[in-house]
Amino acid sequence: MHDRFDQILTPEALAFLTELHHRFASRRHDRLADRQRARFEIGNGHDPRFRDDTAHIRADRDWRVAGAGPGLEDRRVEITGPTDPKMTINALNSGARVWLADQEDATSPTWQNVIGGQLSLRDAIRGELSYTSPGTESAPGKEYRVTAQRTPTIVMRPRGWHLTEKHVDFTDRTGRTMSASGSLVDFGLYFFHNAQALIDSGRGPYFYLAKIESSEEARLWDDIFSFSEEYIGIPHGTIRATVLIETLPAAFEMDEILYVLRDHCAGLNAGRWDYIFSIIKNYRGRGARFVLPDRSEVTMTVPFMRAYTELLVQTCHKRGAYAIGGMSAFIPNRRDPEVTAQALEKVSADKKREAGDGFDGTWVAHPDLIPAAQAEFDAILGDRPNQVDRQRDDVHVTADDLLNLHIGRPITAKGVRDNVSVAIRYIEAWLRGLGAVAIDNLMEDAATAEISRSQVWQWVHQDRTTEDGTRITVDYIEGLIDEVLAEVRPSADSDGQGDRFDDAAEIFREVSLREEFPAFLTSGAYARHLTEHS
């Protein structure tokens with residue numbers, strides 16, 4: 001129990017977590033087993049298809065979702081980021097309409113980050129948050145305070161169903177003890193402490209749901225929402241959820257996901273980076289036709305990404321749901337005007353495409369990108385809060401369109417090296433408690449690191465070669481690992497904490513070079529490196 005943790009881990013909050021686990025933990029395990037079976041089927045040649053047993057849901061044009069809750073009516077620019085005090089204050093001062101308060105891919109799940117993030121959110125919602133950075137005798141620390149007259153609406157993203165919280169144990173009614181669900185811990189603590197305060201402020205308890213793979217997983221969340229509303233005595237439907245469509249199976253069940261969550265649903269988001277990772281993970285062993293080129297070549301305009309986003313906008317607007325675009329990885333560099341100019345140009349082009357396609361809002365990862373993104377959506381929306389009335393009846397996406405992975409670009413030596421470098425450097429920062437990291441003028445998080453390491457695994461195990469004819473083998477990657485470590489070590493230890501590059505390289509080898517492919521790179525690394533023992 002660190003400083004002030006007792007304000008979050010109260011007996012009443014833990015009692016609520018206990019009820020959530022008693023009622024829903026076994027269903028979580030069932031859904032995770034369903035995921036494994038579905039991934040096995042795809043790996044054995046059975047491509048996903050739109051479900052026959054739910055065709056009636058897709059065919060019924062009459063049902064609609066609940067839609068925007070108070071404070072979610074205009075979502076044209078959303079800023080994403082972790083929940084430490086400094087980043088929380090920066091997000092609240094950013095001028096964005098919505099802040100995705102991220103306890104998932106942008107947060108390294110150290111115990112301090114998990115509960116410290118809850119404290120940041122608690123304080124921010126009550127107007128009590130301030131932060132002073134560490135200083136020295138000659139240079140006092142900088143003070144950070146929320147100064148914006150209108151702060152963004154908070155939408156909190158709990159961890160995905162696959163993640164556990166090893167600092168909280170749950171004992172079921174049979175006496176069996178296990179680690180708690182990261183999803184239920186993140187959701188439960190935030191909801192229990194803040195739901196009423198958010199309602200009193202004219203907004204509400206809102207959530208982004210990550211890594212959903214089926215409508216059954218979405219139904220589990222809907223049942224959790226209904227129970228939780230009843231538990232604290234607020235009206236059914238007060239909670240609003242936005243679901244990230246960031247896995248391949250979920251792209252085939254967008255209507256169904258909206259339907260089962262319809263009493264609590266505000267919209268869908270195109271989670272582009274995890275979606276690319278999901279494609280690679282599911283098709284990693286299916287042969288050359290399913291091998292993607294350099295990560296930089298997998299843009300939003302390639303066939304399968306274009307089909308997925310067009311279908312998302314059409315599906316959302318048909319049901320009265322908001323369609324929120326994804327995050328461009330380019331970020332400005334305040335010390336390099338040329339890099340900043342290039343980032344703004346690329347982000348503007350990305351957001352212009354999204355607004356033109358019918359999205360109702362988009363993500364950015366840096367406050368300096370908000371004006372560029374907002375300008376593109378202002379040009380389309382004007383004073384309107386959304387463009388849900390744009391039905392996109394011109395879109396006709398088939399299952400084959402979603403699986404058309406042809407890009408026609410090679411794998412380059414630079415692309416391979418970049419993947420090795422980015423993955424190791426990100427994992428090293430993650431081990432030190434940083435979940436969102438600027439690397440080579442791109443914002444990297446767990447999702448982009450997953451793309452890098454899974455591409456390396458696929459290229460090695462599918463016996464691919466680079467454009468110049470070099471085979472991508474284990475030995476070739478080991479040579480690149482040595483090069484990267486030699487390159488990064490001179491700049492290590494700059495923050496006085498020491499580096500974790502040896503651990504990062506070992507994790508990278510485990511998730512990229514071994515015969516077995518771990519479903520997520522963070523799961524094993526979390527258990528081994530981020531768990532505190534009492």
Side-chain angles (χ1 to χ4, degrees), residues 7-17 19-20 23-24 64-76 78-80 83 88-89 91-94 96-103 115 117-129 146 148-158 183-210 218 221-243 261-267 269 320-322 324 360-361 385-386:
Q7 294 181 26
I8 299 297
L9 298 167
T10 64
E12 296 81 6
L14 292 174
F16 178 56
L17 292 187
E19 279 302 306
L20 289 177
R23 292 169 180 268
F24 302 110
R64 297 288 185 274
V65 301
L72 283 179
E73 298 89 352
D74 190 325
R75 305 179 63 171
R76 66 187 68 198
E78 305 188 357
I79 192 166
T80 75
T83 55
T88 296
I89 293 169
L92 294 177
N93 286 333
S94 68
R97 302 300 177 99
V98 170
W99 173 40
L100 188 162
D102 196 2
Q103 292 286 88
I115 304 301
Q118 295 281 350
L119 282 165
S120 296
L121 292 166
R122 177 209 171 277
D123 292 350
I125 289 164
R126 290 160 179 79
E128 301 170 0
L129 182 63
V146 178
Q149 288 189 334
R150 186 190 185 282
T151 58
T153 299
I154 298 172
V155 182
M156 189 266 210
R157 176 160 70 163
S183 302
L184 295 180
V185 168
D186 292 346
F187 162 80
L189 293 175
Y190 178 77
F191 176 84
F192 183 82
H193 288 295
N194 302 306
Q196 191 60 56
L198 287 162
I199 294 166
D200 293 343
S201 72
R203 297 177 180 180
Y206 303 142
F207 298 91
Y208 260 111
L209 303 182
W221 271 118
D222 192 71
D223 290 343
I224 289 166
F225 294 159
S226 296
F227 166 75
S228 300
E229 289 164 336
E230 183 178 359
Y231 188 93
I232 68 166
I234 61 176
H236 178 77
T238 301
I239 293 173
R240 288 291 192 276
T242 303
V243 179
L261 273 166
R262 62 193 181 278
D263 289 352
H264 296 107
C265 196
N269 172 276
Y322 283 36
I324 307 299
D360 303 290
N386 62 71

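- Ring geometry for Phe187 versus Phe225: interplanar angle of 30 to 60°, hence tilted.
- At a threshold of 4.5 Å between non-hydrogen side-chain atoms, the residues Trp221 and Ser183 count as touching.
- Of all heavy-atom pairs between Pro205 and Ile199, the closest is CD-CG1, 4.1 Å.
- In the displayed structure, Glu230 atom CD is contacted under 6.0 Å by at most 12 heavy atoms of other residues, nucleotides or ligands.
- A donor-acceptor distance shorter than 3.5 angstrom exists from the side chain of Asn93 to the backbone of Ala148, with no hydrogens or angles considered.
- Thr242 has its side chain out of reach of Leu209: every pair of non-hydrogen atoms, C-beta onward, lies at least 4.5 Å apart.
- Judged by distance alone, the side chain of Thr88 and the main-chain N or O of Thr83 form a donor-acceptor pair under 3.5 Å.
- A heavy-atom distance below 4.5 Å is not found between the side chains of Asp360 and Arg76.
- In this structure a side-chain-to-backbone donor-acceptor pair under 3.5 Å is missing from Tyr231 to Leu20.
- Between Arg97 and Thr153, the closest side-chain pair of non-hydrogen atoms is not below 4.5 Å.
- Taking the six-membered ring where the residue is Trp, Phe191 and Phe207 present tilted rings, their angle falling between 30° and 60°.
- The shortest side-chain heavy-atom distance between Asn386 and Asp74 does not fall under the 4.5 Å cut-off.
- A donor and an acceptor atom, one from each side chain of His193 and Gln7, are nowhere located under 3.5 Å apart.
- Side-chain contact between Gln103 and Arg157 is absent, with no heavy atoms from C-beta onward closer than 4.5 Å.
- The shortest distance between side-chain heavy atoms of Leu261 and Val243 falls below 4.5 Å.
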